[in-house]
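First the structure, in the form of structure tokens, and then the observations on it.
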Amino acid sequence: MGSVGNNLYGGINSSAETVTRPSHCDAISQQIRTFIQMRTNLKVVDNSGAKRVMCIQSLRGKKGARLGDMIIGSVKEAQPRGKVKKGDVVYGVVVRAAMKKGRSDGSEVQFDDNAIVIVNNKGELIGTRVFGPVPHELRKKKHLKILALAEHIV
Amino acid sequence: GTRGNPLKLMDCAAPRVEQSFAEPLRSCSWSPIIPRDGVQAYGFCTRALAARGFSTVGTAEVSVEDEDSSSPMVEHPPRIKFKRPDKTARHIMNILNKEAVDKVRTERTIPDVQPGCIVQMRVQVPENKRRESTLKGIVIARRNAGIATTFRLRRLVAGVGVESVFPLYSPNIKEIKILDRKKVRRAKLYYLRDRMNALKK
């Protein structure tokens, strides 16, 4: 999805005479990524049926949720036949965050997008598959089922 | 200001000195004179300078000069505008940093990772139960800070872009291997976040 957009961009650029220097738009396009808070749109990366969820409450942290925290969200976009429908209020676990998370050995990790996995209020998964990479931080938060189903652990 | 300090010093520390001593002091330019071991022979300025710069160091000739010029009643420590370079904390931290870096470099060789390198590294993360994982990606930034030098690695993991910051001298990094070095004209390649095919040529 993202790569197709990039290919088109590269094609258009090569046909034009002038080369646009990318440094001009850096101040606007490079944002400082912060917490996941109310009204944040998140991608859903399991097969529970939802596609986009808007966060309505972060269950941990005054400023917002980070990697590995639980949020409450409202389903904004869903697949036609799934376990959740549009307009449902669901709990979710943040598995990818665009805000960097520090680790104990001094390294930091950050992803390119914000993504959650839908759970119930006890923390158990609703879906049966998880797509994309998940970080190690879930192990400490005791979301071992998500780690077991994940494609790749970062 | 810089002009005021030497006058005050002369006033309180050396009242016996004639007024004529102070006149040439005012006229000479103060700013480029930094007290050092090999201080230039600005004739009339050297004595005042020596008393100002080296009062805390116990070298023989300097302390004798200090005794001579300061009066017995008023004991003011001369104001030190610039410390000698090897007494500043910045210098000591530089030495400590260099020592730590040298110690790590003798234990294992760390290649020169620069932005634009495609790098493959073996890391041992403590969260992964001591199992070594291989990471391969492109270095998009490098920040030099002595022992805390970090570099930023961008890689595509299962279709999602992941950026990680690693300390270069971390003991968790078991091996770094440089696969390729791309020619880039920048120190920080953040433009790659938008276009991943920019470096494929």
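Residue numbers start from 1 in every chain, and the chains themselves are labelled A, B, ... in the order their sequence lines are given, proteins ahead of strands. Just so it is clear, the model here is predicted, and its values are computed rather than measured.
Salt-bridge annotation for A/D46 and A/K83: absent, with no side-chain N of the basic residue lying under 4.0 Å from a carboxylate O of the acidic one. Here A/E137 does not pair with A/R66 in a salt bridge; the nearest charged N to carboxylate O distance is not below 4.0 Å.
Looking only at heavy-atom pairs under 4.5 Å with chain B, the residue among A/Q110, A/H152, A/R96 that has the most is A/Q110.
Between B/I176 and B/L168, some side-chain heavy-atom pair lies under the 4.5 Å cut-off.
A/V75 pairs in a side-chain contact (heavy atoms from CB on, under 4.5 Å) with only one of the listed residues (A/V90, A/V89, A/V44), which is A/V90.
A/E151 touches chain B through its side chain: at least one heavy atom from C-beta onward sits under 4.5 Å away, while N, CA, C and O do not. A/D105 touches chain B through backbone and side chain together, each having a heavy atom under 4.5 Å away.
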